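Structure, as structure tokens:
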Amino acid sequence: MSVEPEVPIVQVEEVRENPVLYKIISSDNHVFTISEHAVKLSKTLWDLITNLGLTAENALDNPIPVENVNGKNMETIVQFCERHKYDEEEPEYTNYIREFVLPEWDRQLLSIDNEELFQLILATNYLDIQKLMDYCCRVIGDMAKDKTPEELRIIYGIPTDAEDDALERSASDSPGPSG
Amino acid sequence: MAEEILNNEQVLRGCILYEFTQGRPVFQSFLHFTRSLDTNLIDYREFEFWFYRFYNGETDLTYDTSLESKKPTLFELPVEIIEQIVDELDFRTQLVLRKVSTDFRHIVEKRVPSYKSITLFIEDYGAMLYFDQHEIVYNRTREGCWVRYLYRGTRFLPGVDPVKQAMIDLKYALSHPKMILEELKIRVFLSSHRVEEGKNEKELRVEHFQSIKDTLSSLNKPTINVSKLEMHVKNHEEVLSVLPYLTPGTLSEIEFHCANTAKIRLQMAQITKLDQWKQAKVLKIDRFFTQFDLKNVAHFNKFEVSFAKISLKSLVELKDTLIHCPEFDRCTLETSKPINVKLIDSNFGQEIPQDPPTEMYHYYAYPDSEEIVLEMCVVPKRILFKKTTRKSMTR
């Protein structure tokens with residue numbers, strides 16, 4: 001795919017003061033701008049920015065290529081980080097029951113099919129964004145809630161142990177190198 | 001004819017679009033779709049793909065799915081991510097997940113459980129389990145058992161006994177290989193008039209404690225790691241259904257409360273022989289009479305026990321033992337038969353003189369310490385021993 005014109009897909013919302021902006025290029029050559037506060041949510045990107053010595057002056061002239069994340073996922077990630085850039089740190093997990101309900105905005109953002117969600121999780125894992133990871137895991141958890149084992153097998157395409165064994169048997173029965 | 005129509009991809013996608021417009025959640029939609037069309041031509045993954053396209057306003061039924069990039073399945077995620085997902089699940093969903101496949105069971109069992117205390121209540125209505133503050137109630141009905149989870153709704157199990165179901169869940173929780181509990185509480189309270197399937201309260205208690213014993217003795221490990229045990233019981237056999245199954249040494253605190261309205265006697269002979277007893281550090285026996293040699297409690301750092309009677313001779317022996325136990329902190333002994341305070345004399349050994357002298361308090365020096373002293377406070381029905389300092393003697 002050819003490099004897209006450098007028009008940001010996601011515009012930075014809620015500009016407070018004069019934010020420092022960075023440019024990110026996804027694996028399929030989409031270009032995104034992201035504010036400094038938002039990009040700090042990704043440990044990987046922020047480490048990269050620090051190591052590259054990018055400053056307010058040269059940041060926009062040095063786009064950061066991210067080979068492992070495609071444009072679709074990057075769009076979701078940038079939206080998420082911009083949305084949550086001013087969030088206060090959540091208190092440490094205690095032993096009490098967490099009855100955390102996903103905010104409506106995030107629930108809408110993460111209303112995608114499981115496989116897309118898994119792909120987003122991989123991207124989030126690579127970019128090391130803990131909050132988004134927590135939210136994605138919560139979406140999967142909510143999906144699994146109140147389901148029977150059989151329903152979970154259908155949802156996640158998991159074969160039963162018997163089916164698994166049968167598959168393995170048929171694989172080992174198939175002709176292969178003798179010896 | 002119908003089959004031919006269903007073999008047309010676009011017709012099927014149209015049916016999914018129809019399902020989407022009905023406003024059901026995606027999985028219910030899928031179940032309705034497969035039931036209505038009596039087909040398994042589309043698996044859940046494909047259904048979900050189209051469902052979410054429609055959700056995002058993309059209604060083009062001719063979209064070429066080969067344009068989609070390859071996406072991972074759940075089992076293509078790194079195992080640490082799957083573990084994080086499992087950690088996010090509530091206890092009930094983890095229970096269900098174990099039954100999905102062997103792989104999932106292994107993953108669930110590898111996680112360190114988040115709960116630190118487990119409480120089991122068995123009462124007239126059925127049973128209740130607490131994992132920390134997370135409550136599961138098992139209610140008995142004629143047809144079976146209603147299970148109610150805190151914040152997580154209810155489900156009905158036809159023909160299931162609530163106590164048996166609670167035992168199944170308890171067994172799962174206790175089987176967890178990485179589990180170290182701070183506290184295990186077991187309380188069985190049944191009305192004295194209770195009759196169930198022709199069994200009276202006493203027989204029902206025997207039956208319930210037998211199921212508890214069966215559960216604890218059938219785990220995949222020899223003993224359970226628990227720091228504190230609290231039990232509401234009526235006799236020593238009930239204690240013996242639980243205490244031998246906890247890890248000696250790890251168990252540091254023991255509390256027995258009497259589940260009877262009137263104070264009754266607790267036989268201690270078998271209990272005091274257990275390593276779990278010998279290695280524990282804190283003991284409380286509440287609203288029971290006991291009668292056993294006081295040397296059997298001298299190893300506890302703190303203890304509270306009621307005796308039917310305490311002889312002066314055994315009290316002297318206890319004092320002489322405690323004064324050689326550097327770990328000892330304090331204890332309270334109650335006795336139904338009052339002690340004659342006046343008889344505490346030189347038989348008790350050399351006292352540290354007080355100024356002014358008191359009849360209630362007595363102080364004894366530790367053999368190898370100038371500063372630390374053992375305080376004995378005697379009122380007719382209660383004796384308190386406490387490790388303290390010479391400074392605090394000044395009253």
Side-chain angles (χ1 to χ4, degrees), chain A residues 27-28 70-73 76 93-102 108-126 130 133-165, chain B residues 25-27 30-31 34 43-53 55-56 68-78 80-82 84-94 96-105 114-117 131-135 149-153 155 182:
Chain A
S27 61
D28 46 0
N70 67 23
K72 199 170 180 181
N73 286 321
T76 308
Y93 170 63
T94 62
N95 222 351
Y96 296 99
I97 314 156
R98 284 183 300 174
E99 204 39 50
F100 171 74
V101 179
L102 208 61
Q108 290 272 352
L109 183 75
L110 300 176
S111 286
I112 47 180
D113 67 61
N114 269 323
E115 291 182 2
E116 282 205 34
L117 192 61
F118 298 152
Q119 205 173 37
L120 179 65
I121 283 180
L122 285 177
T124 306
N125 187 45
Y126 171 70
Q130 193 51 50
M133 189 60 134
D134 289 346
Y135 280 27
C136 288
C137 290
R138 169 57 54 167
V139 169
I140 295 182
D142 286 347
M143 182 74 173
K145 210 165 77 179
D146 298 330
K147 301 286 188 299
T148 64
E150 184 47 40
E151 287 171 342
L152 288 179
R153 279 186 210 117
I154 295 172
I155 289 174
Y156 297 118
I158 304 162
T160 61
D161 287 342
E163 286 165 354
D164 236 6
D165 291 347
Chain B
V26 55
F27 188 67
F30 173 71
L31 293 180
T34 48
D43 69 8
Y44 179 73
R45 286 159 68 184
E46 194 177 347
F47 181 90
E48 197 192 30
F49 170 79
W50 287 100
F51 189 95
Y52 278 106
R53 270 185 71 84
Y55 179 89
N56 290 313
E68 287 291 308
S69 56
K70 161 116 179 53
K71 290 174 195 153
T73 63
L74 181 61
F75 276 102
E76 281 160 9
L77 296 181
E80 61 270 17
I81 295 182
I82 297 183
Q84 195 178 336
I85 294 170
V86 170
D87 285 346
E88 278 289 324
L89 301 176
D90 59 279
F91 176 70
R92 177 189 172 187
T93 312
Q94 285 194 357
V96 172
L97 199 58
R98 283 179 76 247
K99 295 176 186 158
V100 168
S101 72
T102 318
D103 286 345
F104 265 121
R105 197 175 72 235
S114 56
Y115 46 86
K116 292 285 173 214
S117 84
F131 296 91
D132 295 339
Q133 290 80 13
H134 190 141
E135 167 194 282
Y149 301 86
L150 184 67
Y151 303 127
R152 304 278 178 186
R155 79 192 156 118
E182 282 169 12

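Order of the sequence lines sets the chain letters (A, B, ...), proteins ahead of strands, with each chain counted from 1. Only this structure's heavy atoms are used, side chains among them; waters, hydrogens and symmetry mates stay out. The shown structure was predicted, so the numbers you read here are calculated from the model rather than taken from an experiment.
To the nearest 0.5 Å, atom CD of residue A/E115 and atom CD of residue B/E76 are 8.5 Å apart. Going from atom CD1 of B/I81 over to atom CE of A/M133 covers 4.0 Å, rounded to the nearest 0.5 Å. Residue B/T73 holds its OG1 atom at 7.5 Å from CZ of A/F118, rounded to the nearest 0.5 Å. The distance from the SG atom of A/C136 to the CD1 atom of B/I85 is 8.5 Å, given to the nearest 0.5 Å.
Between B/L77 and A/L122 there is a side-chain heavy-atom pair separated by less than 4.5 Å. Between A/D113 and B/R45, every side-chain heavy-atom pair lies at or beyond the 4.5 Å cut-off. B/V100 has its side chain out of reach of A/Y156: every pair of non-hydrogen atoms, C-beta onward, lies at least 4.5 Å apart. Side-chain contact between A/K145 and B/L89 is absent, with no heavy atoms from C-beta onward closer than 4.5 Å. Counting heavy atoms from C-beta on, the side chains of B/V96 and A/E151 never come closer than 4.5 Å.
For B/F27, the part lying under 4.5 angstrom from a heavy atom of chain A is the side chain only. Neither the backbone nor the side chain of B/F51 has a heavy atom closer than 4.5 Å to any heavy atom of chain A. Using a 4.5 Å cut-off between heavy atoms, B/F30 contacts chain A through its side chain alone, with no backbone atom that close. Proximity to chain A (any heavy atom under 4.5 Å) is shown, for B/V86, by neither the backbone nor the side chain.
For B/E48 (side chain) and A/N114 (main-chain N/O), a donor-acceptor pair under 3.5 Å exists by modelled atom type.
Counting heavy-atom pairs closer than 4.5 Å to chain A, the top-ranked of the candidates B/Y44, B/F47, B/Y52 is B/Y52.
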